[in-house]
Enquirer: 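Before I ask anything, here is the structure I am working with.
Given the structure is predicted, the values throughout are model-derived calculations rather than measurements.
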Amino acid sequence: MAHRILMQVVFTGAQVFGKAFVQAYKQAAASSAAQATTAAAKEGGISLQESCLILNVRSEALKVEEIKARYDHLFNVNSKEKGGSFYLQSKVFRAKERIDKELATHEPNGGASAGATGS
């Protein structure tokens, strides 16, 4: 009889511990996601990875000339005069802006050769 009560106590304790662990994990995951969202918002709302995807460049080999060429092409293709989308044009602009900011942080002279963000 004593072993039955002991097993019931152990089983109940394991259930309580398991539920607490799952709840703590969910809370930590939500907190981590909120911090990542806040960090992205501080950076202008777009991540470097997303910027590279938009401009179709590799984040390991960012070249100013390639970025400028892709930006100019995508910005012009999406202009309102050509029937493009202002939303997409804005995304292209923000992507280049974010990559320029990244290039400026990695250049020793403060990013003077990264180029202007405008067209």
Enquirer: Can you check side-chain contact (heavy atoms from CB on, under 4.5 Å) on Ile54 and Leu88, steps first, answer last?
Expert: CA-CA 9 Å; Ile54 290 170; Leu88 291 177; over 6 Å; no
Enquirer: Residues in side chain to side chain contact (heavy atoms under 4.5 Å, CB included) with Tyr87, at least two apart?
Expert: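 Ser85, Lys91.
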Enquirer: For the pair Lys101 and Glu97, evaluate salt bridge (Lys or Arg N to Asp or Glu O under 4.0 Å) and give the outcome as yes or no after the intermediate values.
Expert: CA-CA 6 Å; Lys101 187 185 294 186; Glu97 185 178 58; over 6 Å; no
Enquirer: Of all the heavy-atom pairs spanning Arg70 and Leu55, show the shortest one and how long it is.
Expert: CD-O, 2.8 Å
Enquirer: Mind checking whether Phe93 and Leu53 sit in one hydrophobic cluster, side chains of I, L, V, M, F, W, Y counted as touching below 4.5 Å?
Expert: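 They do not share one cluster, since no chain of ILVMFWY contacts under 4.5 Å joins Phe93 to Leu53.
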Enquirer: Kindly indicate, with the supporting measurements, whether the criterion side-chain contact (heavy atoms from CB on, under 4.5 Å) is fulfilled by Ile99 and Ser59.
Expert: CA-CA 9 Å; Ile99 291 174; Ser59 61; over 6 Å; no
Enquirer: With a cutoff of under 4.5 Å between side-chain heavy atoms, which Ile, Leu, Val, Met, Phe, Trp and Tyr residues group with Val77?
Expert: none
Enquirer: What distance do Ile5 atom CD1 and Met7 atom CE have between them, rounded to the nearest 0.5 Å?
Expert: 13.0 Å
Enquirer: Can you tell me if Gln49 has over 12 outside heavy atoms packed within less than 6.0 Å of its CD?
Expert: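 Not buried by this count: 12 neighbours or fewer within 6.0 Å.
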Enquirer: Going through the checks in order, is the side-chain contact (heavy atoms from CB on, under 4.5 Å) test met by Leu74 and Asn56?
Expert: CA-CA 10 Å; Leu74 290 171; Asn56 196 23; over 6 Å; no
Enquirer: Which is it for Glu65 and Lys68 under the salt bridge (Lys or Arg N to Asp or Glu O under 4.0 Å) test, yes or no, and what are the steps along the way?
Expert: CA-CA 5 Å; Glu65 300 82 24; Lys68 177 88 171 112; over 6 Å; no
Enquirer: Report the residues that fulfil side chain to side chain contact (heavy atoms under 4.5 Å, CB included) with Lys82, sequence neighbours left out, ordered by chain and then residue number.
Expert: Asn76, Ser79
Enquirer: Within the side chain of Ser51, is there an N or O that forms a donor-acceptor pair under 3.5 Å with the backbone of Ser47?
Expert: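 Yes; at least one donor-acceptor contact below 3.5 Å.
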Enquirer: Determine the minimum heavy-atom distance between Tyr71 and Val92, stating which atoms define it.
Expert: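 Heavy atoms of Tyr71 and Val92 come nearest at CD1-CG1, 3.6 Å.
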Enquirer: Can you name the nearest heavy-atom pair linking Ile46 to Arg98, along with the distance?
Expert: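 Heavy-atom minimum between the residues: O-NE, 3.3 Å.
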Enquirer: Using only atom types and a distance under 3.5 Å, with no angle test, would you say the side chain of Thr12 pairs donor to acceptor with the backbone of Gln8?
Expert: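 Confirmed, Thr12 side chain pairs with Gln8 backbone.
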Enquirer: Looking at CG of Leu62 and CG of Leu48, how far apart are the two atoms once the value is rounded to the nearest 0.5 Å?
Expert: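 It is 6.0 Å, given to the nearest 0.5 Å.
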